[in-house]
Asks: 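Okay, here's the structure, questions in a sec.
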Amino acid sequence: MTTLRILIWFVVAAAAMRGAVWLAERPGTLTAEWQGWRLDTNVGVVVIVVVVLILLGVAAWLLWRWIAGAPGALLEGWGDSRRRRGYRELTQGLAAVAAGDAAEAQKHARKAEQLLAEPALTLLLSAQAAQLTGDRDGARRAFDAMLKDEQMAFLGLRGLIGQSLRDGDQMTALGYAERAFALRPQTPWVVHSLFDMQAQTGHWKAAQDTLDAGMRRKVVAADKGRALKALLLVERSREAERAGRDTDAQALAREAFSLAPERIVATGRLAELQIKAGDAKRAAKTLERGWAVAPHPDLADLYLKAAGESDPLKRIGIVRRLAACNPDDIESHLALAKASLDAGLWGEARRQLETAGGTSPPVRVCRLMAEVEERANVDQAKVHEWLARAAIAPADRSWSCTACGAHHETWRSVCESCSAFGTLQWRAPGTYGQILPPDLQAELRGTTALPSTTGA
Ligand SMILES: [Zn+2]
């Protein structure tokens with residue numbers, strides 16, 4: 001490159017020298033006459049004057065450009081420093097929010113707002129600072145303003161959902177969650193919180209649609225989704241029955257049972273409707289299939305109801321048929337013990353209860369034992385002994401919430417204590433599970449106080 005430049009310079013210099021020599025070899029004069037003025041000069045001087053004039057013109061043009069451009073460049077530099085200061089305020093404000101320093105956060109938020117002409121950026125800080133100071137209206141205004149910006153709308157909705165839930169206004173929260181879902185249907189917290197709200201407010205069909213969308217996008221695990229869907233179908237079946245649409249009710253219950261036969265309520269619901277429709281044989285088949293995977297005293301009662309038998313001895317035979325579907329489960333022994341007790345077969349009742357209780361009989365076994373001794377009327381001391389044992393016996397199976405651990409007398413789809421949907425399970429206390437990973441739950445609880453999203 002350099003060699004090429006030197007070469008060019010060399011050629012130019014040579015050409016200039018040749019030109020000068022050429023001019024010198026051909027001397028001549030130039031004469032100009034104008035308005036009685038006369039100028040005599042030679043060609044060399046004219047060439048030099050022309051070159052000087054061109055150089056002066058270029059210099060003047062450069063000077064003009066510099067003068068004209070200066071204020072803009074100056075303003076630009078000033079704007080840059082303003083923006084830099086704005087960003088610094090924003091950063092410090094966010095740090096103050098993270099540190100929980102409300103006053104400091106608000107101070108930086110105000111300064112950042114003045115310095116930065118980008119409301120979208122400062123709104124989040126303003127909203128969080130307002131939340132920290134407990135200024136609910138301020139926070140709501142900031143979140144509302146965020147909805148106008150395409151980039152920030154989703155974040156604004158998240159803030160508004162959390163705020164509405166804290167205010168106990170679930171219907172407003174639901175409206176915001178629907179908008180958030182329309183914006184980003186693939187975001188897990190949106191799917192989970194929208195589903196929770198729809199289920200908690202009894203919008204079963206809408207909840208089912210959300211669940212289906214979540215399963216399609218793999219935001220909800222297939223197995224969890226299947227069980228939750230079955231419970232929604234159970235609720236929809238109840239709703240249809242209340243509206244007098246028994247055929248629809250049975251179709252929904254059948255779908256629920258085929259999805260999750262391990263769900264006691266799905267089995268019970270279908271059997272109930274089959275008995276109601278006069279189809280006792282089908283009801284018995286349904287109950288036998290359900291008993292094999294998830295036995296429950298209510299299912300045994302329905303089985304006896306389907307059989308329509310009133311003779312106590314014959315009822316034992318019927319229960320035996322059901323128990324044979326799951327012979328080792330404690331519920332089978334308890335059902336047989338109860339039927340034997342009703343028939344006055346104390347020995348058989350005792351034998352079933354002893355098998356059911358094993359080495360540490362739970363509360364239900366102790367109570368039934370006391371009842372057997374009471375009704376057999378042999379030894380009053382034994383009655384007292386069993387009642388005393390019942391008081392300290394290990395806890396029994398019951399409808400307990402896997403999210404909060406609360407116990408319920410009967411099954412319901414929404415836990416009365418923590419509002420989670422589908423978390424009630426028939427089991428002994430001790431094992432709890434949750435649908436969301438713990439870090440995501442903590443995040444949701446910490447920033448927007450959404451309810452824990454749990455399932456079973
Ligand atoms: Zn609960």
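Only this structure's heavy atoms are used, side chains among them; waters, hydrogens and symmetry mates stay out.
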Asks: Check Ala129 against Val97 and note the closest heavy-atom contact, atom names and distance.
Replies: N-CG2, 4.3 Å
Asks: What closest approach, in Å, do Cys401 and Thr423 show between heavy atoms, and which atom pair accounts for it?
Replies: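 Closest approach of Cys401 to Thr423: SG-OG1, 3.2 Å.
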Asks: Is there a side-chain contact between Gln208 and Arg236 in this structure, where contact means two heavy atoms from C-beta onward sitting under 4.5 Å apart?
Replies: yes
Asks: Mind listing the closest non-hydrogen atom pair of Arg269 and Ala253 along with its distance?
Replies: CG-CB, 3.7 Å
Asks: Do any N or O atoms from the side chain of Ser332 and from the backbone of Asp328 form a donor-acceptor pair under 3.5 angstrom?
Replies: no
Asks: Any ring pair (Phe, Tyr, Trp, His ring centres under 6.0 Å) involving residues 135-159? Give me the pairs, sequence neighbours left out, ordered by first then second residue.
Replies: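 Non-adjacent pairs meeting ring pair (Phe, Tyr, Trp, His ring centres under 6.0 Å): Phe154-Trp189.
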Asks: Does anything in residues 356-366 form a side chain to side chain donor-acceptor pair (under 3.5 Å)? List the pairs, not counting sequence neighbours.
Replies: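 Qualifying pairs, neighbours excluded: Glu331-Arg364, Arg364-Asp396.
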Asks: According to side chain to side chain donor-acceptor pair (under 3.5 Å), who are the partners of Asp301, at least two apart in sequence or on a separate chain?
Replies: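 None.
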Asks: Which pairs count as ring pair (Phe, Tyr, Trp, His ring centres under 6.0 Å) when at least one residue sits in residues 105-140, sequence neighbours excluded?
Replies: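 Listed by first then second residue: nothing to list.
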Asks: In the structure I gave you, are the side-chain heavy atoms of Arg412 and Leu424 within less than 4.5 Å of one another anywhere?
Replies: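 Yes, close enough: below the 4.5 Å cut-off.
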Asks: Between Glu239 and Gly202, what is the shortest heavy-atom contact and its length?
Replies: OE2-O, 4.4 Å
Asks: Roughly how far, to the nearest 0.5 Å, is the CG atom of Leu273 from the CG atom of Asp279?
Replies: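 Rounded to the nearest 0.5 Å, the CG-CG separation comes out at 11.5 Å.
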Asks: Looking at every heavy atom in both Cys415 and Cys404, which two are closest together, and how far apart are they?
Replies: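 Closest pair (atom of Cys415, atom of Cys404, distance): SG-SG, 3.7 Å.
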Asks: Is the shortest distance from a Lys or Arg side-chain nitrogen in Lys107 or Glu104 to a carboxylate oxygen in the other one below 4.0 Å?
Replies: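 Glu104 and Lys107: salt-bridged.
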Asks: Tell me, please, which residues at least two apart from Asp149 pass side chain to side chain donor-acceptor pair (under 3.5 Å).
Replies: none
Asks: Could you note down all residue pairs passing ring pair (Phe, Tyr, Trp, His ring centres under 6.0 Å) where residues 283-306 supplies at least one of them, sequence neighbours left out?
Replies: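 Every pair satisfying ring pair (Phe, Tyr, Trp, His ring centres under 6.0 Å) with a residue in residues 283-306: His296-Trp399, His296-Trp426.
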